[in-house]
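For ligands, and for the atoms within them, numbers begin at 1 and follow the listed sequence. All figures in this text were calculated on a predicted structure; none of them were measured in a lab.
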Amino acid sequence: MSTGHDRPSIAVVGSVNMDLVVEVPRMPTPGETVQGLDVAFHPGGKGANQAVAAARLGADVSLYGKVGDDPFGVRLLDAIRGSGVDAGHVEIEDGTASGLASIWVDAAGENAIVLAAGANGSVDTKYVERHLDRISEADVLLLQLEIPLETVDFLLRELPAPRPLVILDPAPAQDLSSLPLLKIDILTPNAHELTIIARSREAGTAAQHLLDSGVTDVVVTLGADGAEWHTSGRSPRRFPAPHVDAIDTTAAGDAFNGALAWALPGRSLEEAIPVAIAAGALATTIRGAQPSLPTREGLDAFLREERAGRDAPEL
Ligand code: RIB
């Protein structure tokens, strides 16, 4: 493991999607047709986005996953490599389409997503077994839930000691009770995901349930309200978000997770969370998933402006 925090090594095992983004004046109700506005294809997928987010900030990132043997697969790999991510272990799945996310973004910048897993569904335990040694060498392992849950479960169980710091973004939300939660250092649900995972409507109760089940820290992302950190034996701590004019919230969570993984080695969670919140906020000011993820220079400049106005973290 490397020790310096400026270029930590991060392994991301997760999804790679092509995003078909349609701007809508408002979300349609069931059975209704709404006239769409702009349409665009952007590279996305929570795994790829988080890998790109960490790489743009300066981490040494390897992505593990699969794309289909279609033209989207080629474009997705180009985009990932173009952002400085090592995509050498991303496999092309024969006879399979790449993951596709159909995303509607409304006038308030909120989104709704329908996901067709495609090749992401073939990221199986055998694939992980082939790459386990290299994955285990990273400082940080970043996971999401757009690949089969069985694969995430297998990977967590097979990680040898000493293992990387494990961050799991439980999105899209699923029942996590089968996972070895003791192997998860930091869980980063949004408020909606938290209540689904812990089967409780009250955030404090839900987070405490996860801590009691073995997770070390729960960081609940709250969009424009920042994030709340829950850990055993301490009161929850709220971190505010800087004000931005959000036009598209897609991948704000990915910017948060990628920045958290980049910032953590060498920093405390208390220091890393405000940096991750700033990256997430900045991502909402640009349309699309990967196009919106901030660079180190962009994040530095944003934090400098913020510091001029109020208390903001120094990188
Ligand atoms: O988190 C945003 C991502 O979720 C999009 O890029 C889309 O691919 C979906 O997976």
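- When hydrogens are left out, the protein atom nearest atom 4 (O) of ligand 1 is K46 NZ, 3.2 Å; that is the closest non-hydrogen contact.
- Applying the 6.0 Å contact sphere to CD1 of I92 captures no more than 12 heavy atoms from other residues, nucleotides or ligands.
- None of D70, N17, N120 except one satisfies the side-chain hydrogen bond (donor to acceptor under 3.5 Å, both in side chains) rule with S98; the exception is D70.
- For E146, every heavy-atom contact with ligand 1 shorter than 4.0 Å involves the side chain, none the backbone.
- For T250, no nitrogen or oxygen atom sits less than 3.5 Å from a nitrogen or oxygen atom of ligand 1, counting backbone and side chain alike.
- Short contacts between ligand 1 and A289, defined as distances under 4.0 Å to a heavy atom of the residue, involve ligand atoms 6 (O).
- Against a heavy-atom cut-off of under 4.0 Å, G44 is close to the following atoms of ligand 1: 6 (O), 8 (O).
- D185 contributes no side-chain N or O that, together with a main-chain N or O of D217, makes up a donor-acceptor pair within less than 3.5 Å.
- Those atoms of ligand 1 with a heavy atom of A101 less than 4.0 angstrom away are 7 (C), 8 (O).
- The backbone N or O of E32 sits nowhere less than 3.5 Å from a side-chain atom of T29 that would complete a donor-acceptor pair.
- Side chain of D248 to main chain of T250: a donor-acceptor pair is present (N/O by atom type, distance under 3.5 Å, no hydrogens or angles).
- Between F239 and W229, the angle of the ring planes lies from 30° to 60°, which puts this pair in the tilted group.
- From the protein, the heavy atom lying nearest to atom 2 (C) of ligand 1 is D254 OD2, 3.3 Å.
- N49 ND2, 3.7 Å is the protein heavy atom nearest to atom 3 (C) of ligand 1.
- Contact check for V52 versus N49: no side-chain heavy atoms found under the 4.5 Å cut-off.
- Around atom 6 (O) of ligand 1, the closest heavy atom drawn from I103, D19, I113 belongs to D19.
- Using a 4.0 angstrom heavy-atom cutoff, G45 counts as in contact with ligand 1.
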